[in-house]
Protein chains: 6
Amino acid sequence: MRPSGRAPDQMRAISMEAGFTRHAEGSCLVGFGDTRVLCTASVETQLPPWLRGKGKGWVTAEYGMLPRATHTRGRREAASGKQSGRTQEIQRLIGRSLRAVVDLEALGERQITLDCDVIQADGGTRTAAISGAWVALRIAVDKLISDKLLETDPIQRKVAAVSCGIHNGTAVLDLDYDEDSSAGCDGNFVLTSDGNIVEAQVTAEGECYDEEGLLRLLRLARIGCNEIFAAQDRATGR
Amino acid sequence: MRPSGRAPDQMRAISMEAGFTRHAEGSCLVGFGDTRVLCTASVETQLPPWLRGKGKGWVTAEYGMLPRATHTRGRREAASGKQSGRTQEIQRLIGRSLRAVVDLEALGERQITLDCDVIQADGGTRTAAISGAWVALRIAVDKLISDKLLETDPIQRKVAAVSCGIHNGTAVLDLDYDEDSSAGCDGNFVLTSDGNIVEAQVTAEGECYDEEGLLRLLRLARIGCNEIFAAQDRATGR
Amino acid sequence: MRPSGRAPDQMRAISMEAGFTRHAEGSCLVGFGDTRVLCTASVETQLPPWLRGKGKGWVTAEYGMLPRATHTRGRREAASGKQSGRTQEIQRLIGRSLRAVVDLEALGERQITLDCDVIQADGGTRTAAISGAWVALRIAVDKLISDKLLETDPIQRKVAAVSCGIHNGTAVLDLDYDEDSSAGCDGNFVLTSDGNIVEAQVTAEGECYDEEGLLRLLRLARIGCNEIFAAQDRATGR
Amino acid sequence: MRPSGRAPDQMRAISMEAGFTRHAEGSCLVGFGDTRVLCTASVETQLPPWLRGKGKGWVTAEYGMLPRATHTRGRREAASGKQSGRTQEIQRLIGRSLRAVVDLEALGERQITLDCDVIQADGGTRTAAISGAWVALRIAVDKLISDKLLETDPIQRKVAAVSCGIHNGTAVLDLDYDEDSSAGCDGNFVLTSDGNIVEAQVTAEGECYDEEGLLRLLRLARIGCNEIFAAQDRATGR
Amino acid sequence: MRPSGRAPDQMRAISMEAGFTRHAEGSCLVGFGDTRVLCTASVETQLPPWLRGKGKGWVTAEYGMLPRATHTRGRREAASGKQSGRTQEIQRLIGRSLRAVVDLEALGERQITLDCDVIQADGGTRTAAISGAWVALRIAVDKLISDKLLETDPIQRKVAAVSCGIHNGTAVLDLDYDEDSSAGCDGNFVLTSDGNIVEAQVTAEGECYDEEGLLRLLRLARIGCNEIFAAQDRATGR
Amino acid sequence: MRPSGRAPDQMRAISMEAGFTRHAEGSCLVGFGDTRVLCTASVETQLPPWLRGKGKGWVTAEYGMLPRATHTRGRREAASGKQSGRTQEIQRLIGRSLRAVVDLEALGERQITLDCDVIQADGGTRTAAISGAWVALRIAVDKLISDKLLETDPIQRKVAAVSCGIHNGTAVLDLDYDEDSSAGCDGNFVLTSDGNIVEAQVTAEGECYDEEGLLRLLRLARIGCNEIFAAQDRATGR
């Protein structure tokens, strides 16, 4: 029995509010249950120096957590003067995941930065961030297309992410904070809408797992991502 | 004529959504027009070392701006490794303003941190932050009282803040971004609900001003703060 | 009765020693009583990147305090690795105050940096710094003019600053450290020699104040600044 | 055909020189082909504050790369003032992997730090580091046991890691730098000597992969880790 | 012929103004020609953690240079966020030099920090700093003795420092900036009043030197230090 | 009697393994007894901005110590976020020493960086680093010459360094850690193969010394450096 009463393969309610803020070229407030992440996409024509003049663009991400998004207040990273290892690991993952579904040459010499800021945390912030960032990116790219700045669509497919883990001996989908902090192992899967894997990352936390366990988690992830793809379609009006 | 079409002494629409996030002891999403700031109050029993054992508490604030809260993306302070002078100036002002209405001895040996994070910026973020932080603080203190952790109410009165400035030769209330960036002088006033001044700060930006100008701005600020006090009452159900 | 025995509207002795150091284009050791601040003006032809090619110059300031300028030794900011919020707030104020009396277009494409370093502190270091920095700036600009690098004088008027506050219920001028640390409210006024206000900033420290109090402080500030303007004239031989 | 001429399931030569340095309680210079990492284990009786008094110990890791371990010189992290996201990600992985095979309660109130410094890099530095760190840890723990500081052995089994990836459409084991920089996808597997998985992490780099691909990589990893386990036995004289 | 017209073994004018600032327990504005360094001694009863409870004290130093002490403005170290290698090298040298003449056990469990801040630089700032710091230290220790906080004098002898170098083939004493920037080799000697060497440090800058050259510089240093010892006696009224 | 049983003028065994790593243009693992330092020379065509276009090159050095090179583990500088004063002092000395034997104009517009990383420390790491860095530099320059990138050899002579000190009243050569931590005074001498001094630096640690002591140390240093010059010749095949 899961603490939340959900079935093992049941996602939390997914919400995606496109256009939550108005200055960014694309924005989305994504919710996986009580986890809420604001994702914005900023289009800039200036590329990082190492990419200039190569005829292609770049998609990158930054991640942050408001100090009191969590149960107890965490230290503000801007005040402590550096981003934690966890923050950097997550923002690298978000960037890689989005780039996996974008044709950087078709994007042209521009950079899109996805800022993913956690307003409220209840487990799965990185997977919500990836899923919501795709919506913000989609909106920003649609704007480039409708403004005639892009001719072909550089986004090749959808990408979504979800966490899975083994909790009390059962493989479960979309862990909330209670499950996450007591799971024997947990992982994050980043999948594309055409059925492929962008990233699989499963870590033992106390209990090691075997090949069969890995496959079971991957199959749960497919169930979850399909729900997210549908929510992405609704949020972007497709 | 103001860019927004408002009358000189007209505030933008004020919104205050108490309880916007659930982990903090108090929270409020405050809006002054398009400016939106999430304020949370976190109660901690651990005081900073220099205050321990003195039989009183502390109220402090931190301020941040999401990178794309603004028209063009700004650098994330956590990534650049330090808080700007502007950020520090603002968070010091917020802390001072709140402490001016709290009896720190009545608060007992606990610290309340107000985190004010700008979700969307359109001028006046620091004044919205002070005004919304009071609501978050009020809710957190009410919780301490209803939990029987406090016997007497340490909050002595309401505090609110608003910006005023001279724009095209006219003294105007609650500047939005367009006015703020072209005002001849602008200032921020922090006032208490019993009619006193906590802080007045008026800066010439191109045009100096005289005593008469200073008084005119102060009087506009009174008009604005009275509206904010009413919104604070509504948000906290008083 | 003031701790120093001064009348409420009495400044401390003002000293201004122009040319205290020899490398800077302008320098002044300013004293307000025991407070002593070394101000130097450095003229550079390289502008910050965001100002280049706009046909105008820039005036900026940096502020520091020697570790043992104060009653007890403070941490050296260079050793702690960052400037405090107080330092940044002060140096921003100094820069704004000086720019308010300079025609940046007439200055041409050059930057003048005012370094204000507190040798000994006894209250009012930021106001002494602004007042002394004007002298250093005046000397540096006079040198540019006599070297035929400038044709028209970009300095439009004098600027001076002084602190005022309410101490034991009385409005007093030019607070020293003893008064400053026990004042109910205190503020800084930056005034121009043609009678206008550049910046007014009054903060409650324990006691709020009203419109009448604000005006009384402003009037004291006028008295003090007039004395400082006279000292500036003497120091620059005008 | 692999650039190195190896068969798809062929590891590079594994070398493990125990006791490479003399001050550390355990040390090992590990080589996977031209990749060479110096791993040292330092035993300290002082625990990090958050772990004190809980009757258990801690195992952690730090990772570094000498500036010219690589084909072109990289910036020294100590000089740039911070560890990169990559460095932090790797050292977190090493620490997690080692802790997965240690009974922290049996270790008692002491901390063991594994420092993994890359002397020469040719792909697979993090997997070599994990594999060599186990040897350093084993030696350090054996010393604690022979010094009668530990009664029961806190190390529960061996742990090893290896990279795998899809290169030119073929799943290959233990990628060197040439393969790593052109692989369609690559991953790292951390396995225990009793056949379980501690961590699986597979990332698409240009080409997404499917469930079948994931399994094929995992099976290659088992082949590689078995070879590493044998080398660990030889290096520790078991 | 030296640029300044001095004889090879001629010091610049030495000035030592004891008590230049009033908060520090000891202070001295030292001048070697146009080089001027403010040295203050701060006595604190709190020792650094690694020295507590060992029945002895500590003497340490910090060094700084005002941004416009030099011919062209240098970056403020507090603003750049770190002390340069040169600064750290110098402050380590000052601390070592002073400790060489202090009996740390006789000092008791207290720390004296010598802050040496260069007001104006014209070569030899570190040697002036050491020489002036001794005066500030002497005054602070005299105060501890007259306040009955110390029974025996922990200062065992005087210490002074001077630079020497080979300029245009001639060994010269007390290099000013012009000589320093064109000397073939230069060095700093720290000597005690009983004729011993605390530190000798001679560096080739373009021209190597031999044993004879080293000795010639050392002999010049003795001449210079004897003059400084006399000035120290005058400044401390001995 | 020395702790190691060596005669006062006896060096430890010197080892120099050229080509220890393969990516660097030159490399050498140098050993002075148990002290082992890996020195690599990296040739880059990009000069630091302040040297470009002047028709000459630059030689610089960086120094690091692996955390467990020492008896007890030290903090990793990359983790603490800055290089210590000691580190900076050493790397500046290494750079100066190497530049003293290189004709920077003959080197052409390229920079050679010597990275000296201490693998194991037992006293004398900086002198071993200088001596080994010369070998790495020699190999890198030989490669430039054999690749026809240089016509004339910019290296003018050999340079080597050794420590000397007074231990238990006896002047001794090449101090190991035991001697170093209890010597009354110690110093480092950097000498060239044609008999000159590049740098002499002798510091009292508890006992001051006199002219005779300085000379005795210098003479020991000559004995040591002659041995090192021979080892450099063997390592570079001359």
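In the text below, chain A, chain B and the rest are named by the order of the sequence lines, each starting its count at 1.
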Distance in Å, F:Arg219 CZ paired with E:Glu211 CD, rounded so as to fall on 0.5 Å steps: 4.0 Å
Whether over 12 other heavy atoms sit under 6.0 Å from F:Phe229 CZ: yes
Is it the side chain or the backbone of [X] that comes within 4.5 Å of chain F heavy atoms, both, or neither?
{"X": "E:Leu191", "result": "neither"}
{"X": "E:Leu93", "result": "neither"}
{"X": "E:Arg99", "result": "neither"}
{"X": "E:Thr192", "result": "side chain"}

Contacting moiety of F:Ser97, where chain E heavy atoms sit under 4.5 Å: neither
F:Leu214, part contacting chain E, at a heavy-atom distance under 4.5 Å: side chain
When [options] are compared by non-hydrogen pairs under 4.5 Å with chain F, the top option:
{"options": "E:Gln91, E:Arg96, E:Glu205, E:Lys82", "answer": "E:Arg96"}
{"options": "E:Asn196, E:Ile197, E:Thr87", "answer": "E:Ile197"}
{"options": "E:Glu207, E:Gln83, E:Gln88", "answer": "E:Gln88"}

Distance-minimising heavy-atom pair for F:Arg157 and E:Cys208: NH2-SG, 3.6 Å
Pick from F:Gly195, F:Ser84, F:Ala204 with the largest number of heavy-atom pairs that fall under 4.5 Å of chain E: F:Ala204
